[in-house]
Amino acid sequence: MKKELGIFTLLLVLCGVTAVMNPRFLSVTNLTNMANIIGLYGVFSLGLGMVIITGGIDLSVGSMFALAGVLLSMALTEWHWPWPLAAAFVIAIPMLLGWAHGSLVTRMKIQPFIVTLCGLLLYRGLARYIAGDGTKGLGNAEGFETFASLAKGKFFGLPAPFVILIVLSVIMWFVLHRSVYGRYLLAVGRNEDAARFSGINTRFVIGTSYVLMGLLTGVAGILFAFYTNSISPSNHGNFFELYGIAAAVLGGCSLRGGEGSVIGILIGTALLQVLQNLVNLLGIPSSLNFAVMGAVVLFGVLADQFFQNRAAKKLVRH
Amino acid sequence: MKKELGIFTLLLVLCGVTAVMNPRFLSVTNLTNMANIIGLYGVFSLGLGMVIITGGIDLSVGSMFALAGVLLSMALTEWHWPWPLAAAFVIAIPMLLGWAHGSLVTRMKIQPFIVTLCGLLLYRGLARYIAGDGTKGLGNAEGFETFASLAKGKFFGLPAPFVILIVLSVIMWFVLHRSVYGRYLLAVGRNEDAARFSGINTRFVIGTSYVLMGLLTGVAGILFAFYTNSISPSNHGNFFELYGIAAAVLGGCSLRGGEGSVIGILIGTALLQVLQNLVNLLGIPSSLNFAVMGAVVLFGVLADQFFQNRAAKKLVRH
Amino acid sequence: GPGGGPKKLKLAFVVNNASDFWKHARAGTEAAAKELGNVEVDFRIPSSGQAAEQRQVIDDLLAKGVDGIAVSVIDRTNQIEFLNKVAGQTLLITHDSDASESKRVCYIGTDNTAAGVEAGKLIKEVLPSGGKIMIFVGTLDAANASERFAGIKKELAGSKVEIIDVRTDETDRARAQKNVEDTLVKYSDVACLVGLWSYNGPAILNGVKSSGKAGAVKIVCFDEEDQTLAGVADGSIYGTVVQQPYEFGKQAITKMAKYLGGDKSALAGGQQIVPTLNIKKDNVAEFKARLDKQLGK
Amino acid sequence: MRGIAKRFPGVIALDDVSLDVGKGEVVALCGENGAGKSTLMKILGGVYQPDGGEILVDGQPVKINNVTDAMKLGIAFIHQELNVLDNLDVAANVFLGREPLLGPFKLINSKKIHADTEPYLKRLGLNISSRTRLDKLSLAQQQMVEIAKALSLNARIIIMDEPTSSLTLTETERLLELVRELSESGVTVIYISHRLGEIEHCADRVVVLRDGKNAGQLNHDEIAHDRIVSLMVGREIKSFYVESNAAQTPGYLQVRNARSNRYPEKMVSFDAARGEILGFAGLVGAGRSEIAKAVVGLDARGGGEVSLGGQKLAINSARDAIAQGIYLVPEDRRGEGLVTGMTVRENVTLPSLARFTSLFMIRRDRERTTADEQIKSLNIKTPGCETAVVNLSGGNQQKVVLGKWLSMSPKVMILDEPTRGIDVGAKAEIYRIMRALAENGAVILMISSDMEEVLHVSDRVAVMHEGQITGVLDRADCTEENIMQLAVGKKIASAKPAFAN
Ligand SMILES: Nc1ncnc2c1ncn2[C@@H]1O[C@H](COP(=O)(O)OP(=O)(O)OP(=O)(O)O)[C@@H](O)[C@H]1O
Ligand SMILES: Nc1ncnc2c1ncn2[C@@H]1O[C@H](COP(=O)(O)OP(=O)(O)OP(=O)(O)O)[C@@H](O)[C@H]1O
Ligand SMILES: [Mg+2]
Ligand SMILES: [Mg+2]
């Protein structure tokens, strides 16, 4: 928790500043919108976090979104599958691809960066080809209203993606911080040899982390498809891998593996989204949008580092 | 060289296949076009390779291109600076930023991924703000014809960027493979502690690798600005960091640091460009463009791995 | 408001991505705001060009509080539900790119299919005896791209002009230019290159020049980037179909203000088309002068 | 194990090697560096697959395909190189792969795992909490955690590959006791060590390997230092320690007010003479290694003042120290001493690369000459100077670290556990080299946890306790007893102050 404290403070400060400068920040609409978007990004960022903890990376998230979105739209509106089947299908595909990634990484010993970079190219190409380079949509959800309301409705006044994120986070918290599997993830990420010498099936652990990533990507892909309600395969989900990685790393995951927490990833995700909200609400020129985000993140990380160094020094002195 | 052999073979095979299926592949125009584009991408990929060898990464290349391009255009066409001054300015800025990256990484101990991700956001925002979100251009190069012909003219029948790449590669080859600094880069990338214990100023070595990266980014940024002749700051150079990283990694650089070669990076760059050329020349639908690239790269890496494994086994048997 | 005086109308103008095109629209909105006096314009650019980002921008605007929004719809079929939600909360019109089935009050902008037809006419003019053409665009799944493409096809149907294919570049200019170069290598008999998005014109021009085919291959494109207009002026581009983004901006703001002031007729008819212009060598100078004036240069 | 063979690119590590162990027996495996001890054990532990031969357990042939198979057969393995996870706590490391579970969701039973860990820590005399993260522990403590882990397996056979190389006397004694207890309760222990004293102390039988072949064995009553050595190296090694008769210049090196990170409020000052070997003794965590790092500028805050021959030196980084001829052979050779992915040549020349350049280009031929010289003079067992250091045996890696500094004529050489993992022959060689350096006018500071080494090699011994030097013993007063007294912080009469004011 100590590691996440710094970034959590930054998050609070940002929220405070924005709320003071524009009270609408705290309006129900705004908070709901933000919860919704945090839910969307959080789900796949959790998955990315797990993969990063094993010392891997996944660059193919955005492209998988495109592929999943196109397939979802076609299954529902063109092939008229029953929605549970369509949902299962759209979650199974990324899991299968995740399994393939995992196998290539563990059995063929190809760097995760390369494997998933190829994935990034491949799946987007496939999505565009399958969609015939046209935009696919979910229209008015005729015939799968239940599904739509599960994916973009509200539960207890909270947007569905947010509720789903909370549920998944609780599960993932137990998985990462309380289960044997989670401990193995951390072990494998830090020192694969040492883990293997302890009798851990490192291939299985690393491989399944990509499958888990696939599962979460599939879920997030469905949520995201319903959010935009339309999937233009050439740019649906573009750059999302970067957001996810940024969220995980901001939240304390180390790209060298072996380090990271569920809470951290959630705070990282929230921070990125609050930042965007802030830029919009404070009426900062859109062109400076990115610049403000970059500057704040950098500032936050620097401040965090500064305080951690000071704390470390104090520890030594006494 | 052994490590590069596999990917070099793949490059040759691809060229062979394309040449057979469409003889125009070998036409002077096509080869010139390709040399030109390889030159453009090669220059910054070399820089990225160096940074990757130290165990770092630079995600800000594309945004720096936008910033450098906008500043170049303004210096030349709006402020009417003499071109050598403008060139020096546009190279100095990325070097300065590179120096800042290096300092943040080595002194503040912030992960390179985070530092340069912030850079990615910041510099693009700045570029857009400076340009007022409008496209900047170099027009007909009135008043800086010499500069333009240095950047996009021909030397000995070869396109300028290609010639510049060759010259820089030769220099970088000596730097990386024959100089003390290069040896330090490799050592620091593999084991920073051991390098420091051996009296290497690891901060200096890592820091300067980002400055070097800045220098090469500046040069490539100028070449690229002259190539497109107009810079729309919101998407000029988007995703270029990924191309560069992919080229370096394909060419044998390990993202864990300590491994890589100039030849490898060049072959990696060439491979990516030949692939694009191939897709276009063979008339594969645009939508499958990416998919083909992804598939070929994956196939190549797999084959390479396969043969290396076999070779290793043979070595053991005898 | 806190400054006293009459309450200012807050109107938002949301575009689809960051490009020069919108500079003119912005000038239009500013001109309108100046003329009207009681309007404050919030000009928003979702830079990624993605529906999701646009949606977020609009959500934020609603949270901030606005009296009216003019939006260039990124996805007309699937953003409908969202647009209807927006229309329920504030005055909503569309510009540049429409979503006719939504509850938006009116559309102000180009008819892209008609613009495609105009481009088709230019192509037929420049290739009187027919020939092969290649089309270049960022992505084909964008509405304006597919409509323009449809317009061109419609106009060329039955003529001797043959469309080889479409090459996309995902708004990467380097690739846009590379696509041109590769096309010229693969199809040595291509007679005319057509660019559907604003940067495709300059990209085609550069590609043709670097391949040494300047003058030999005709070019028809869209919009009014500086290099495009320069190309039209020196004859290396045959013609370009330009929209009038300045008018989008000016009319959208003016008419929304009128409408909110009680003049419902200002946004009547559901669709108010701003015609396109065909710019060729003979009228390019005059057009350029007008643009400069609009931008206050 | 019968007729085991194993080849690596360029080397035959094992050739028709056999090894039998009985229930409850303590078998010591001896051999020079690179003889194949670790390789043989890795085959038994399922890390490597043999190229030939078979393994029998209880008379039944078994196939050990991976580490899990070995564990199932009741084989626990303490590797020569540390294999702990420093991002996890002690308990997690001890029970890694065998966590106690709780409840329907099979979550880790955190109470039980900590409760189960404590007894093992106690049994090893390790005074740390089971909740400490491993990156907070010293190398020696991490090593003890790894031993705890092997114990907790309740195995039938425990392989210990140089478990004491980073331990000091107290822990070593505790470990040897433990080995006895284990064998009494019927557990077989295979014990690899280059400290022959330990072997004489605990082994029931000694098996010696030489160049990847069986070189013979000694039964309990035949075990003696000299006999082991002659089997190992095939010749007698006469005198282990070289006496000094060099002229000394006292006070040549003066260190004032150096501090360790761990005990920042305590200052360390000492003098050392030119031509002497000053030993540093102390218990685990006494702060010897940290002081050494501070002196060579690796910890800029703790450096204090260093003067050499009356001249104050400005040392702010290892670079500065190296420029002054002050070198450190660190204790963690894989983490700090070597760039293991690089070749022997590249490692040897790393600190002095500038010497090998002409016209800014590195001359590889000159590098090779120097590397080959070191390979020869230190008798490093390697296919050549272009072999990656990872592929060398542990002891030979240590020699590469030494070679790197010896090629640069040191003025002050600080050796932190210089003979960790080094075989007797090479040890004698290293002592000879140290002595030669001293006689040529260098100051040698030797930090060592090997009591024999401290006693016999040093001219004087400085003893540290909790970040301070409690006293310095002259050669005449150097006894195990005296050192232990000082090491636990007691004052004794014969101890001299560490420096003259
Ligand atoms: N993975 C490897 N690849 C190549 N060669 C290896 C590898 N592992 C060991 N060797 C070689 O095999 C031989 C035996 O090594 P081993 O580690 O078994 O020696 P050892 O007896 O344990 O020595 P030490 O006492 O120094 O630990 C050495 O020559 C070593 O260089
Ligand atoms: N990274 C670290 N974080 C916190 N404490 C540490 C760290 N490294 C070492 N220590 C502690 O610092 C103390 C001094 O360690 P140092 O290595 O200098 O002792 P030493 O006398 O050389 O003993 P050793 O035989 O363990 O090397 C030890 O108690 C150790 O636990
Ligand atoms: Mg060994
Ligand atoms: Mg020590």
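Chain identifiers are assigned alphabetically (A, B, ...) following the order of the sequence lines, protein sequences preceding nucleic acid strands; residue numbering begins at 1 within each chain. Everything numeric in this text was worked out from a predicted model, so none of it was measured.
Considering only heavy-atom pairs separated by less than 4.5 Å from chain A, the leading option among B/Gly125, B/Ala295, B/Ala291, B/Ala131 is B/Ala291. The candidate from B/Arg124, B/Gln111, B/Lys109, B/Arg256 with the greatest count of non-hydrogen atom pairs under 4.5 Å with chain A is B/Gln111. Highest contact tally toward chain A, considering only B/Val296, B/Leu250, B/Ile245, is held by B/Ile245 [criterion: heavy-atom pairs under 4.5 Å].
Both the backbone and the side chain of A/Ser254 come within less than 4.5 Å of a heavy atom in chain B. For A/Leu302, the parts lying near chain B are the backbone and the side chain together; criterion is any non-hydrogen pair under 4.5 Å. For B/Leu255, the parts lying near chain A are the backbone and the side chain together; criterion is any non-hydrogen pair under 4.5 Å. Using a 4.5 Å cut-off between heavy atoms, A/Ile114 contacts chain B through its side chain alone, with no backbone atom that close. The contact between A/Leu298 and chain B is made by backbone and side chain atoms together, counting heavy-atom distances below 4.5 Å.
Here B/Ile110 contributes atom CD1 and B/Thr116 contributes atom OG1; the two are 11.5 Å apart, rounded to the nearest 0.5 Å. Note that the OG1 atom of A/Thr9 and the CD atom of A/Glu4 stand 11.0 Å from one another [nearest 0.5 Å].
In this structure, A/Ser60 contributes its side chain and A/Leu120 its backbone to no donor-acceptor pair below 3.5 Å.
Ring geometry for A/Tyr243 against A/Tyr41 counts as perpendicular: the plane angle is over 60°, on a 0 to 90° scale with 30° as the lower cut. Taking the six-membered ring where tryptophan is involved, the planes of B/Phe44 and B/Phe65 are perpendicular, since the angle between them exceeds 60° and thus also 30°.
If you look at B/Phe113 and B/His101, their ring centroids are not closer than 6.0 Å.
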